Amino acid sequence: MPRSNDAAAQMLQEFADLLAIAGGEPFKVRAYEKAARAVAGSPTDIADLDEKGLDAIPSVGAHLARKILEFLRTGSVEELEELRAQVPAGVRSLLDVPGLGPVRAHQVYAELGITSVTELLDALHEHRLQHLPGWGERSEANLVQAVHEAHTGGARIQLGVALGLAEEILAGLCALPRVRQATYAGSLRRMCATVGDIDLLVASEEAEPVMEAFCTMALVARVLVRGDTKSSILTTKGVQVDLRVVEPHSWGSALLYFTGSKAHNIRLREMAVRAGQKLSEYGLFDADTDRLIAAETEEAVYARLRLPWIPPTIREDSGEVEAALLGELPDLVELRDVRGDLHTHTDLTDGIATLEVMVAAAKARGYRYYAVTDHAPLLYMQRMTTEKALEQRLQIRQLEDAAGITLLHGTELNIQPDGSLDWDEDFLAGFDIVVASVHSAFRQSRDVMTARILRAVEHPCVNVIAHPTGRSIARRAPIDADWDEIFRAAARTGTALEVNSSPDRLDLDGDLVRRARHAGAFLAISTDAHAVPHLDNMRFGVATAQRGWAGSADIINTWPLGKLRRFLAKHSPAPDADQRR
DNA sequence: GCCGTTTTCGGCCCGACTGTTTTCAGTCG
């Protein structure tokens with residue numbers, strides 16, 4: 001069951017879509033969309049709010065507060081039902097076809113009675129659309145292709161995959177003459193868990209050769225758009241890559257613009273308008289005289305908007321502009337703050353590298369401490385035993401002096417369907433750190449799952465709940481649990497929640513990180529490395545924690561060893577709880 | 001529908017590209 005915020009946000013988005021199709025006032029449509037984002041991004045659970053509390057959410061006014069309340073109380077909204085009667089659900093699904101917006105979705109419905117993507121395809125094959133006003137052969141052919149591609153490809157790309165591809169293409173573009181700067185922007189720079197397409201930005205006085213090189217790369221399957229300053233290609237693996245080329249002097253405003261998010265940009269432009277200015281990818285201008293005010297760097301543009309530079313990972317219009325105006329931007333955790341990895345494996349269980357190799361790799365990354373947390377006996381396939389665990393502990397103690405890094409002997413317990421764990425309390429007390437996680441029975445009911453995880457959180461020896469929701473970005477949905485209750489229990493008991501850095505997981509995600517912090521819980525950013533290269537995923541975990549506005553004070557593995565050890569001893573209350581933002 | 005250190009009414013982000021048009025509408029980001 002989704003959180004009330006998500007359900008309400010979906011309701012508002014459906015409202016916006018249907019209003020747009022029905023030909024509603026565009027600004028009204030935008031107001032619903034804006035409110036949907038605001039509700040989804042609010043750290044407060046709206047189920048606990050009254051009308052006044054809802055009205056206090058930015059972009060939610062009295063009208064929408066009442067609609068949200070109606071929705072929360074009755075599960076539906078009368079006015080939305082009327083719209084649904086007016087616009088069949090299938091017509092809304094037409095909006096998923098790239099290139100088909102609300103106006104044309106309504107047009108094909110009103111003129112030809114089309115109410116599904118299937119019917120749209122039939123009509124396209126019978127060439128019934130090209131006779132409508134504003135349509136022609138080209139637009140019909142493009143739509144056929146768009147429907148086809150939306151059905152076959154269209155899946156979002158994992159962050160790790162996207163970053164690899166972006167860096168590969170950028171390496172080629174950087175090698176071109178007269179390319180001054182080149183980088184990735186968009187959701188990739190904001191380090192979203194998945195990205196829909198890859199946005200690249202190049203600064204050069206001469207766009208044409210860059211466009212030519214980009215559109216003729218070996219990995220190009222098809223050129224989607226080819227313009228003077230903007231082109232889009234589809235790679236052979238079905239990934240869309242957009243490139244913009246700008247003059248070097250507008251690098252900052254272009255980077256700001258192409259990084260987004262769209263909602264963040266809109267906020268900045270609104271501020272510019274109120275100050276008698278105009279902001280675009282070409283710069284910040286005086287609205288009356290068109291005089292250029294700032295463009296060269298992001299910092300300069302933000303500064304002239306009277307804002308400090310805002311880190312890309314929090315540019316989501318979820319409160320960062322307000323915080324910036326108040327001088328209250330969070331001091332986000334950085335990769336360099338991380339002093340150790342607290343969840344890793346060796347070949348004693350399912351890792352592929354030896355203890356010595358993993359420890360040497362950790363040392364090489366400059367870590368001060370490093371936890372080895374191989375699986376425990378209840379994950380039967382890993383064949384762990386009490387004897388093996390004790391032998392590993394001995395090995396770690398012997399290795400520690402020569403390794404020149406503090407080694408923590410830990411384990412990753414299996415949270416059983418009833419919430420019980422491997423080993424008894426006496427034995428668990430012998431570990432330096434205990435992480436626990438769900439590896440099976442993912443589909444329990446919300447209540448059973450919540451009780452199961454709470455039991456682990458409240459266990460006196462459990463220090464970290466690893467990959468809490470169990471999601472696998474490409475393959476498995478997150479488990480259903482009352483996260484806010486779990487976060488409150490974690491805060492109370494001094495149990496940390498993991499931000500798993502694997503690009504397959506990124507678990508907790510940014511939204512849950514924010515809610516966990518809101519509840520006063522601490523976090524651990526770990527890689528769950530099963531091999532040496534996985535240790536480098538830490539940057540994805542850090543970015544995900546940033547997306548949840550986490551600072552190093554929130555992250556236990558940025559702390560000095562002594563403070564970390566006191567936390568792991570699990571004495572309540574949690575240390576420094578009152579010193580955090 | 002939302003919002004206000006010009007405003008409780010009248011604004012509401014900006015530009016590129018495409019395809020259909022001869023000056024623009026629709027879509028996208």
Side-chain angles (χ1 to χ4, degrees), chain A residues 12 15-16 19-21 23-38 54-68 79 94-108 129-143 145-146 185-188 190 195-201 207 211 223-232 240-246 250 253-254 256-285 287 290 305-306 317 325:
Chain A
L12 292 167
F15 226 126
L19 274 174
I21 294 169
E25 164 68 24
F27 292 111
K28 185 169 162 181
V29 173
R30 196 180 298 165
Y32 275 83
E33 287 177 337
K34 214 169 159 181
R37 282 196 306 273
L54 289 166
D55 193 8
I57 298 174
S59 305
V60 175
H63 268 93
L64 290 186
R66 276 198 293 279
K67 285 206 171 65
I68 294 168
E79 203 178 317
L94 296 178
L95 299 182
D96 294 335
V97 179
L100 194 62
V103 173
R104 295 198 152 179
H106 183 258
Q107 185 187 21
V108 297
L129 267 61
Q130 58 179 270
H131 306 299
L132 298 178
W135 290 78
E137 278 180 42
R138 292 297 298 272
S139 40
E140 217 177 31
N142 287 346
L143 208 52
Q145 187 138 26
S187 50
L188 183 55
R190 303 200 312 280
V195 304
D197 56 22
I198 295 175
D199 294 302
L200 301 180
L201 184 65
M211 284 301 170
V223 177
L224 300 171
V225 177
R226 171 74 193 262
D228 294 339
T229 64
K230 175 186 173 180
S231 293
S232 296
Q240 184 176 329
V241 185
D242 298 344
L243 171 69
R244 277 293 287 259
V245 181
V246 298
S250 52
S253 47
L256 179 59
Y257 173 67
F258 292 112
T259 297
S261 66
K262 186 177 175 180
H264 180 82
N265 287 348
I266 290 174
R267 287 299 307 272
L268 298 188
R269 289 178 179 204
E270 285 170 350
M271 288 180 64
V273 168
R274 277 200 294 278
Q277 301 166 337
K278 186 178 69 169
L279 178 63
S280 75
E281 56 264 53
Y282 300 109
L284 182 66
F285 299 89
D290 275 344
L305 291 169
R306 299 177 181 280
D317 189 24
L325 283 168

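These numbers were taken from a predicted model, which means no experiment stands behind them. Proteins get letters first, then strands, A, B, ... in listed order; numbering begins at 1 in each. Hydrogens, waters and symmetry mates play no part in the numbers below; they use all other heavy atoms, side chains included.
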On a whole-Å scale, what distance lies between the [atom1] atoms belonging to [N] and [M]?
N      : M      : atom1 : value
B/dT23 : B/dC28 : P     : 26 Å
B/dT20 : B/dT27 : C1'   : 14 Å
B/dT21 : B/dC17 : C1'   : 15 Å
B/dC2  : B/dC13 : P     : 15 Å
B/dT6  : B/dG11 : C1'   : 12 Å
B/dG1  : B/dT8  : C1'   : 14 Å

Query - N/O donor-acceptor pair under 3.5 Å between A/Q240 side chain and A/D199 backbone - result: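 Side chain of A/Q240 to backbone of A/D199, a donor-acceptor pair under 3.5 Å: no, none is there.
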Query raised in the report: Ignoring hydrogens and geometry, is there a side-chain-to-backbone donor-acceptor pair from A/S253 to A/E281 under 3.5 Å?
Result: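 Yes, because the side chain of A/S253 sits within donor-acceptor range (under 3.5 Å) of the backbone of A/E281.
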Find the distance [X]:[atom1] to [N]:[atom2] and express it as a whole number of Å.
X      : N      : atom1 : atom2 : value
A/F15  : B/dC2  : CZ    : C1'   : 15 Å
A/L143 : B/dG26 : CG    : C1'   : 12 Å
A/E33  : B/dC2  : CD    : P     : 14 Å
A/L19  : B/dC2  : CG    : C1'   : 14 Å
A/Q107 : B/dT27 : CD    : C1'   : 13 Å
A/E25  : B/dC12 : CD    : C1'   : 10 Å
A/R37  : B/dC2  : CZ    : C1'   : 13 Å
A/D55  : B/dC2  : CG    : P     : 8 Å

Mind checking [X] for me? I need base, sugar-phosphate or nothing, with any heavy atom below 4.0 Å counting as a touch.
X      : value
A/V29  : nothing
A/L100 : sugar-phosphate
A/L64  : sugar-phosphate
A/P102 : sugar-phosphate

Query - 5'-most by nearest nucleotide on DNA chain B - A/L95 or A/N265 - result: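 Between the two, 5'-proximity favours A/N265.
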Query raised in the report: So which one's nearest nucleotide on DNA chain B is more toward 5', A/G99 or A/Y32?
Result: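 Mapping each residue to its closest nucleotide by heavy atoms, the 5'-most match is A/Y32.
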Query raised in the report: Taking protein heavy atoms under 4.0 Å as touching, what does nucleotides 14-24 of chain B look like 5' to 3' if B marks base contact, S marks sugar-phosphate-only contact and - marks none?
Result: BSSSSSS----
Query raised in the report: For B/dG19, which nucleotide in any strand shown is its Watson-Crick or wobble partner with both distances under 3.5 Å?
Result: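 Check on B/dG19: paired to B/dC24, both distances under 3.5 Å.
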Query raised in the report: If you take all heavy atoms of A/A35 and A/L64, which pair is closest and at what distance?
Result: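 Scanning both residues completely, I find the closest heavy atoms to be CB-CD1, 3.5 Å.
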Query raised in the report: Among all residues two or more places apart in sequence or in another chain, which pass the salt bridge (Lys or Arg N to Asp or Glu O under 4.0 Å) test with A/E25?
Result: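 Per chain and number, A/E25 pairs via salt bridge (Lys or Arg N to Asp or Glu O under 4.0 Å) with no residue.
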Query - Contacts of type side chain to side chain donor-acceptor pair (under 3.5 Å), residue A/D197, not counting sequence neighbours - result: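 Side chain to side chain donor-acceptor pair (under 3.5 Å) list for A/D197, sorted by chain: empty.
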Query - Matching residue for A/L201 among A/V246, A/L243, A/T259 - test: side chain to side chain contact (heavy atoms under 4.5 Å, CB included) - result: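 Filter result, single survivor: A/V246.
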Requested in this report: Using a strict cut-off of less than 4.0 Å between a Lys/Arg side-chain nitrogen and an Asp/Glu carboxylate oxygen, indicate whether A/D290 and A/K278 qualify as a salt bridge.
Outcome: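 Salt bridge flag = yes for A/K278 with A/D290.
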Query raised in the report: Is A/K34 paired with A/E270 through a side-chain N to carboxylate O contact shorter than 4.0 Å?
Result: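 Yes, A/E270 and A/K34 are salt-bridged.
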